[in-house]
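Just so it is clear: chains get the letters A, B, ... in the order the sequence lines come, proteins before strands, and each one is counted from 1. Small disclaimer: the values here were computed from a predicted structure and weren't measured.
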2 protein chains.
Amino acid sequence: MTASSVSRRRLARGSLSRQGIVEAALRLLDEEGPDALTFARLGSALEASTTAVYRHFASRDEIVVAIAEELDRISLDGYEPADDWRDSLRDLAWRAWRTASEHPAAAAAAMHRTTRGIHELRAVDAVLQAVHEAGLRDEDAAMSYAVYSHLVLSVCSQHATRLVSVAAEGEEGWVQVYHPTDPAAYPYAVQAAPHLLAIDHTEVFRRQVELVITDVEARAGRAGV
Amino acid sequence: MTASSVSRRRLARGSLSRQGIVEAALRLLDEEGPDALTFARLGSALEASTTAVYRHFASRDEIVVAIAEELDRISLDGYEPADDWRDSLRDLAWRAWRTASEHPAAAAAAMHRTTRGIHELRAVDAVLQAVHEAGLRDEDAAMSYAVYSHLVLSVCSQHATRLVSVAAEGEEGWVQVYHPTDPAAYPYAVQAAPHLLAIDHTEVFRRQVELVITDVEARAGRAGV
DNA sequence: AAGTCGTAGTCAATAGCGTTAACTAACTTG
DNA sequence: CAAGTTAGTTAACGCTATTGACTACGACTT
């Protein structure tokens, strides 16, 4: 008869919203890992019933897309084009990397999806602006946009996936765990093993990004600024 | 009294094997899409019981890893290093792309995973051999290996994911479907829209691969062959 | 202030999922 | 041919996403 015994009270009407649900989902993924995104756990995180979220999202998939859009929003928050288009592309790339690193479970689940949302559009526009400033137009601009964006998103998404799988298992060494029947058959791998272990993934990404920027530079130069 | 009425007969003892199961799983994914990989459907595809596969794989995850290894095997089948290391890297990259294109559902589910299997090791060794022939050693070789491999695998994996999601939905246009409140706020995207639609993903991948090869070339030249 | 109405949140039910334990019969071994 | 292993089966479990029916909150009317 009191308001609640163990919290059996019905939630007030405006309690849930798409944004609030997405934030709860992101928090859940950050804190409890990639398997935490279920209607049951999301409901209890919001102190609501298991199916309450269905009033705001038609399916689990729709939540994932909304999370992707939220990651876009977080990544772009406060972004301004730099004076040099190269720095703009660097900034955008590292924002994606940073988001993948800080929200690995969410990024692994959502980053590879296309959202058609407003923040995704902002990101597309920002990249296109940079290659425009570099001097590229039309097909050339679109092509370089794709070379850059697909690379950055794919690699960041993969990075996030690696982070969650490393968190799950213990990520052992390299050639050691292969136990090939004949190690001599893979001489280059055997010899490179220690160096492969020492690889800094952040540095790898840096080099990949610089590669694309250099390429845009070269193509813009050839086309004439 | 006959052997079977509707196929109620118990399977003979050696009927199932890891390789056979993996092949059935791959066929299932190819023919019925990314959601077809369940114990129930895999069992009935093998004319076995739902749980028979557990005698050969400890979990669903282990099947996925085995599929990844099978994709590695398919990709590398018949591979021989070329005379020019550049052609070796091209060959390896396009083999991955081809596999992702031909087995999109399987590639989307498995390609992003590390298998620690023998064919993965073969691939690692092949890439390292190529960068070795280019003239890179030790840390330089390992770094360029990573730049190349992460790019190729990430992008091919993403390509596979795009193929299955295109198959599911109808992949609409671009800026058209964004319906931004203020299209004028995204001038570059609006203007580029038709060119973005016309992008050839295969050509994008070709350029990304050439980018890395050129980079390896430059670094090898600097280090002195 | 009472009435009505759309709908956000809840409840109950369902089919399908991965996984486990117990069972049984086919093959292997002595 | 007897005993023992174990691949394949059966039945059950808890969890999942999703659905339809229910209900009560709060915004509209007048």
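Across the protein-nucleic acid pair, B:Leu46 atom CG and D:dG8 atom P stand 10 Å apart, rounded to whole Å. In this structure, B:Phe39 atom CZ and D:dG14 atom P are separated by 19 Å, rounded to whole Å. Residue A:Ile63 contributes atom CD1, which lies 8 Å from atom P of D:dT18 at whole-angstrom precision. Atom-to-atom, CG of B:Leu42 to P of D:dT9 comes out at 12 Å; the value is rounded to the nearest Å. Rounded to whole Å, atom C1' of D:dA17 lies 12 Å from atom CG of B:Asp35.
Note on A:Ala52: a base of the nucleic acid sits closer than 4.0 angstrom, heavy atoms only.
The backbone N or O of B:His119 sits less than 3.5 Å from a side-chain atom of B:Glu69, completing a donor-acceptor pair. Panel note: side chain A:Ser17, backbone A:Gly20; a donor-acceptor pair is recorded below 3.5 Å. Remark: the backbone N or O of B:Leu151 is not paired with any side-chain donor or acceptor of B:Ser154 at under 3.5 angstrom.
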Could I get a table of every N or O pair under 3.5 Å where one atom is in the protein and the other is in nucleotides 25-30 of chain C?
{"from": "C:dA26", "atom 1": "N3", "to": "B:Arg13", "atom 2": "NE", "distance (Å)": "3.0"}

Show each protein N/O and nucleotides 20-22 of chain C N/O combination with a separation under 3.5 Å, one pair to a line.
{"from": "C:dA22", "atom 1": "N6", "to": "B:Arg55", "atom 2": "NH2", "distance (Å)": "3.1"}

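Taking 4.0 angstrom as the limit, A:Thr38 places a side-chain polar atom (N or O) nearer than this to OP1 or OP2 of D:dT16.
Under the side chain to side chain contact (heavy atoms under 4.5 Å, CB included) criterion, B:Ala45 pairs with B:Leu28, not counting sequence neighbours.
Between B:Arg18 and B:Glu70 there is no salt bridge, since none of the side-chain N atoms of the basic residue sits less than 4.0 Å from a carboxylate O of the acidic one. A salt bridge is defined here as a Lys NZ or Arg NE, NH1 or NH2 lying under 4.0 Å from an Asp or Glu carboxylate O, and B:Glu210 with B:Arg90 meets this definition.
Here the CG atom belonging to B:Leu71 is positioned 6.5 Å from the NE2 atom belonging to B:His103, to the nearest 0.5 angstrom.
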(message) One pair to check against side-chain contact (heavy atoms from CB on, under 4.5 Å): B:Val216 and B:Val147. What are the steps and the verdict?
(response) CA-CA 10 Å; B:Val216 172; B:Val147 169; over 6 Å; no
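DNA chain D is contacted by B:Ser15, B:Leu16 of residues 15-30 of chain B, taking any non-hydrogen atom closer than 4.0 Å.
Within the structure, salt bridge (Lys or Arg N to Asp or Glu O under 4.0 Å) pairs that include any residue of residues 94-113 of chain B comprise B:Asp61-B:Arg113, B:Asp91-B:Arg95, B:Arg98-B:Glu102 (at least two apart or interchain).
At a cut-off of 3.5 Å, with distance as the only test, a side-chain donor of B:Arg207 or A:Ser144 sits close to an acceptor on the other residue.
Mapping B:Asp61 and A:His56 onto DNA chain C by nearest heavy atom places A:His56 closer to the 5' end of the strand. Residues A:Leu37 and B:Val53 each lie close to DNA chain D; by heavy-atom proximity, the contact nearer the 5' end of the strand is made by B:Val53.
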Exercise answer: donor-acceptor pairs, residues 190-205 of chain B side-chain atoms, under 3.5 Å, sequence neighbours excluded:
{"from": "B:Asp200", "atom 1": "OD1", "to": "B:Thr202", "atom 2": "N", "distance (Å)": "2.9"}
{"from": "B:Glu203", "atom 1": "OE1", "to": "B:Arg206", "atom 2": "NE", "distance (Å)": "3.0"}
{"from": "B:Glu203", "atom 1": "OE2", "to": "B:Arg206", "atom 2": "NH2", "distance (Å)": "2.8"}

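In the set D:dT9, C:dG18, C:dC17, C:dC17 carries the atom at the smallest distance from any side-chain atom of B:Ala40. The listed nucleotides are D:dA7, C:dC17, D:dT18; the one nearest the side chain of A:Arg60 is D:dT18.
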